Amino acid sequence: MSALLLLLGLASAARPAHRRVQKPRTRPRGETPLEKSARLDVLAEAELSAALDAPFAWRRTSNDAHAILEVFGCEDWRRPPAYDRPGFDVAGRDVLDVGAQVGTFARRALAAGAASVAAFEPEPANARLLRENLREFPTAAVFEAAVVGAEGVDEVELVLGKDYQGVANTWRHSLRAWTHYSGDVDVATVAALSFGAAVDRAAAAAGRPPTFCKIDVEGAELDILAAVDDWRDLDRLVVEYSFTKRRSLAAFRDAADRLRRHFPTVECDRLPDAGDEWPHRTDALVFCSR
């Protein structure tokens with residue numbers, strides 16, 4: 001017995017001790033929403049100064065900094081620009097931006113050599129800044145409207161994001177059918193048009209049909225993906241898929257199968273290999289190409 005215990009002790013000593021590896025913290029412990037917002041504002045200002053030559057209008061102490069850091073990336077977070085991917089260069093392309101917010105992606109696309117950008121944004125305050133940020137670019141067109149899946153819809157109700165502890169919520173606006181808010185909400189009635197009509201307007205503005213499309217519309221993309229059968233001349237599509245609003249992986253696979261009728265390649269890097277529901281707390285980008 002003593003020999004056996006000795007052998008077990010030696011084996012245990014030979015194994016390296018398990019050590020939990022902590023991920024780097026992206027925010028100080030105990031940071032309040034206002035403190036976090038101020039920190040992100042500084043990072044966003046630095047990214048904009050490095051990336052853009054012309055001024056860019058945005059709101060401090062709001063979610064605008066999140067959108068800027070998502071699109072332009074953030075060295076402090078070791079996070080690359082969200083839409084950067086081999087084969088998805090916008091240079092020389094006519095771009096359709098659905099859910100443009102204040103124009104962060106549109107301006108980055110123009111800076112990267114996009115031939116034109118048609119930007120759609122329904123929320124009035126965002127649309128005002130979007131127009132300001134694209135005013136000096138003759139190849140950019142702004143449309144203050146929501147893009148929806150259904151044909152023949154002229155107006156929709158947009159539920160506005162709720163501010164949180166002094167930080168203005170400027171990017172969680174969603175159609176009533178897809179809002180996660182309950183109780184009292186602020187609602188704006190906004191103009192709407194179908195995805196096909198948006199493509200037509202973009203083509204009319206540029207004189208050519210768009211070939212690259214980015215969609216980020218807080219759940220409404222689920223209706224668009226279910227409704228669109230003809231993606232026209234688009235050969236690149238990037239969609240933020242709202243897994244947090246519809247967690248079913250079977251529903252996503254059905255949507256991906258529909259997309260593959262036009263785009264042979266449909267990729268989502270964070271898609272789990274198994275399971276029935278989306279396991280993460282945030283949504284994910286889906287890259288489609290042909």
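Treat the numbers as computed from the prediction; the structure is a model and nothing was measured. Computation of the quantities below employed the complete heavy-atom set of this structure, encompassing side-chain atoms and omitting hydrogens, waters and symmetry-equivalent molecules.
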query = Checking N133 side chain against T104 main chain: does a donor-acceptor pair fall under 3.5 Å?
reply = no
query = If you look at every heavy atom in A141 and A205, which pair is closest and at what distance?
reply = CB-CB, 3.8 Å
inquiry  = Would the distance check show the side chain of D94 and the main-chain N or O of A115 forming a donor-acceptor pair, the cut-off being under 3.5 Å?
reply    = no
inquiry  = Treating D64 as the side-chain partner and R59 as the backbone partner, does any N or O pair qualify as donor plus acceptor under 3.5 Å?
reply    = yes
query = Do NZ/NE/NH1/NH2 and the carboxylate oxygens of D97 and R108 come within less than 4.0 Å?
reply = no
Nearest-0.5 Å distance that lies between atom CH2 in W171 and atom CD in E218 = 8.0 Å
key: Student check: side-chain heavy atoms of I68 and R107 closer than 4.5 Å   = no
request  = Identify whether the distance between the nearest side-chain nitrogen and carboxylate oxygen of D276 and R247 falls below 4.0 Å.
outcome  = no
Within 45° cone and under 6.0 Å: R60 NZ/CZ vs W58 ring = yes
note = Closest non-hydrogen contact found for L259 with L225 is CD2-CD2, 3.9 Å
query = Tell me, do L271 and L249 make a side-chain contact under 4.5 Å, heavy atoms counted?
reply = yes
task = Enter the distance from E155:CD to L193:CG here, rounded to the nearest 0.5 Å.
result = 12.5 Å
ask   = Atom CD in Q101, atom CG in L130: separation rounded to 0.5 Å?
value = 9.0 Å
key: Point-to-point distance, once rounded to the nearest 0.5 Å, from CG of D186 to NZ of K162   = 8.5 Å
inquiry  = Under 6.0 Å between ring centres: does that hold for F252 and F243?
reply    = yes
key: Under 3.5 Å side-chain donor-acceptor pair for T170 and N63   = no
key: Validation row: L234, P210 side chains within 4.5 angstrom (heavy atoms)   = yes
remark   = Separation between CG (L43) and CG (L48), nearest 0.5 Å, reads 11.0 Å
ask   = Do H262 and D229 come within less than 4.5 Å of each other through their side chains, counting heavy atoms only?
value = no
remark   = Closest heavy-atom pair, A198 versus V147, reported as atoms and distance to 0.1 Å, is CB-CG2, 4.0 Å
Smallest separation among heavy atoms of L96 and A202, with atom names = CD1-CB, 4.1 Å
inquiry  = For R290, is there an ion pair with D235 - N to carboxylate O distance below 4.0 angstrom?
reply    = no
ask   = Looking only at atom types and distance, does a side-chain atom of R93 sit under 3.5 Å from a main-chain N or O of A109, one as donor and one as acceptor?
value = no
query = Taking a hydrophobic cluster as the set of Ile, Leu, Val, Met, Phe, Trp and Tyr residues connected by side-chain heavy atoms closer than 4.5 Å, whether directly or through intermediates, do L134 and V95 fall within one such cluster?
reply = yes
request  = Determine yes or no for a side-chain-to-main-chain donor-acceptor pair under 3.5 angstrom, with R79 supplying the side chain and E70 the backbone.
outcome  = no
N169 to Y181 - nearest heavy-atom pair and separation = ND2-OH, 3.0 Å
task = Step by step, work out the side chain to side chain contact (heavy atoms under 4.5 Å, CB included) result for C213 and F195.
result = CA-CA 11 Å; C213 179; F195 182 81; 3.9 Å; yes
task = Using a cut-off of 6.0 Å, state whether more than 12 heavy atoms not belonging to D53 lie near its atom CG.
result = no
key: Contacts of R85 that satisfy salt bridge (Lys or Arg N to Asp or Glu O under 4.0 Å) - sequence neighbours left out   = E267, D269
message = What verdict does the side-chain hydrogen bond (donor to acceptor under 3.5 Å, both in side chains) test give for Q165 and T32, after you've listed the backbone C-alpha separation in whole Å, the side-chain angles of each residue and the deciding distance to 0.1 Å?
response = CA-CA 9 Å; Q165 296 188 17; T32 68; over 6 Å; no
query = Just wondering, do F105 and D216 contact through their side chains at under 4.5 Å, heavy atoms?
reply = no
inquiry  = Ignoring hydrogens, what is the shortest heavy-atom contact between G219 and K245? Give both atom names and the distance.
reply    = CA-CD, 3.7 Å
query = Which of parallel (below 30°), tilted (30 to 60°) and perpendicular (above 60°) describes F88 and F287?
reply = perpendicular
request  = Measure from the side-chain N and O atoms of E221 to the backbone N and O of S242, and report whether any donor-acceptor pair falls under 3.5 Å.
outcome  = yes
ask   = Do T244 and H180 pass the side chain to side chain contact (heavy atoms under 4.5 Å, CB included) test, and can you show the C-alpha distance, the side-chain angles, and the key distance before you say yes or no?
value = CA-CA 10 Å; T244 53; H180 63 276; over 6 Å; no
query = Is it true that a side-chain atom of S49 and a backbone atom of E45 form a donor plus acceptor pair closer than 3.5 Å?
reply = yes
remark   = Rounded to the nearest 0.5 Å, the CG atom of D283 sits from the SG atom of C268 at a distance of 10.0 Å
